[in-house]
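Worksheet: the structure to be examined is printed underneath.
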Amino acid sequence: MSPLEFAKGGFTWEWGVCDCTLFCASWVFVETGKDPGEGLRSTYSTAADANAIVDKAGGMEAFIGKRLEECGFARCIARKDGDIGLVEVPTGISIDNVSVKVIPAIAWGPLWVAMSARGPAIKQMAWTGAAWRIE
């Protein structure tokens with residue numbers, strides 16, 4: 001299945017059920033049968049709870065990396081379709097500031113597929129250079 005077909009699966013944002021990290025974990029599970037979200041689903045229900053889990057793990061890169069590597073996936077330098085990578089997305093824009101957050105997304109050609117509060121988003125996003133191959 002392509003990341004585009006996956007994104008058309010009727011996903012709705014819900015903390016701890018289908019948020020940015022668990023959306024990507026669901027992709028990995030569909031593609032490989034390995035679930036990096038195991039033990040995490042339904043254990044939190046707010047942004048503060050999610051941020052606390054990620055912060056306790058040492059940040060998003062450490063958090064995602066550990067979960068994917070426990071499933072047998074390796075860090076890669078050049079991404080390809082279907083890999084999980086970390087991207088920067090604006091989360092708040094004001095006249096004085098733009099807040100940016102790092103989230104996981106699925107590589108698809110020159111684009112990324114990620115879960116947003118409005119549902120799956122498919123667009124160009126700033127890649128941090130961190131990615132894991134999920135073959």
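Applying the 6.0 Å contact sphere to CD of Glu38 captures no more than 12 heavy atoms from other residues, nucleotides or ligands. Heavy atoms of other residues, nucleotides or ligands lying less than 6.0 angstrom from CZ of Phe29 number 12 at most.
Of the inter-residue distances, the one linking Leu40 atom CG with Thr21 atom OG1 reads 6.0 Å to the nearest 0.5 angstrom. The OG atom of Ser2 lies 9.0 Å from the CD atom of Glu31; values are rounded to the nearest 0.5 Å. Summarising the geometry, atom NZ belonging to Lys80 is positioned 9.0 Å from atom CD1 belonging to Ile134; distances are rounded to the nearest 0.5 Å. Distance check, rounded to the nearest 0.5 Å: CH2 of Trp132 to CD1 of Ile64 gives 7.0 Å. Atom CH2 of Trp15 sits about 12.5 Å away from atom OG1 of Thr43, to the nearest 0.5 Å. In this structure, CG in Leu111 is found 9.5 Å from CG in Leu4, a value given to the nearest 0.5 Å.
Across all their heavy atoms, Cys20 and Ile103 have their closest contact at SG-CG2, 3.8 Å. Residue Ala107 comes nearest to Arg79 through the heavy atom pair CB-NH1, 3.0 Å, listed as atom of the first residue, atom of the second, then distance. Nearest approach of Ala114 to Pro104, heavy atoms of both residues: CB-O, 4.1 Å. Of all heavy-atom pairs spanning Val113 and Pro3, the tightest one is CG2-CB, 3.8 Å. Smallest separation of non-hydrogen atoms from Arg75 and Gly129: NH2-O, 4.4 Å. Among all heavy-atom pairs drawn from Arg133 and Ala78, the shortest one is NH2-O, 2.6 Å.
Annotation: side chain of Phe73 is not in contact with side chain of Ile84 (no heavy-atom distance under 4.5 Å). Considering only heavy atoms from C-beta on, Pro36 stays 4.5 Å or farther from Glu70 through its side chain. Side-chain contact between Val89 and Trp112 is absent, with no heavy-atom pair separated by less than 4.5 Å. Side-chain contact between Met60 and Thr128: absent, with no pair of heavy atoms (C-beta onward) separated by less than 4.5 Å. Side-chain contact between Val87 and Lys123 is absent, with no heavy-atom pair separated by less than 4.5 Å. Counting heavy atoms from C-beta outward, Lys8 and Met1 have side chains that stay 4.5 Å or more apart. Within the 4.5 Å cutoff, the side chain of Val28 has no heavy atoms near those of the Cys71 side chain. When side chains are defined from C-beta on, Leu22 does not count as touching Glu14, because their heavy atoms never get closer than 4.5 Å.
Residue Phe23 is not grouped with residue Val17 when hydrophobic side chains (ILVMFWY) are merged at heavy-atom distances under 4.5 angstrom, including chains of intermediate members. One hydrophobic cluster, built from ILVMFWY side chains closer than 4.5 Å, cannot hold both Met125 and Trp108; they sit in different ones.
Looking at Arg118, its side chain never comes within 3.5 Å of a backbone N or O of Trp13 through a donor-acceptor pair. Side chain of Asp19 to main chain of Gly16: a donor-acceptor pair is present (N/O by atom type, distance under 3.5 Å, no hydrogens or angles).
Taking the six-membered ring for Trp and the full ring otherwise, the centers of Phe6 and Trp27 sit less than 6.0 Å from each other.
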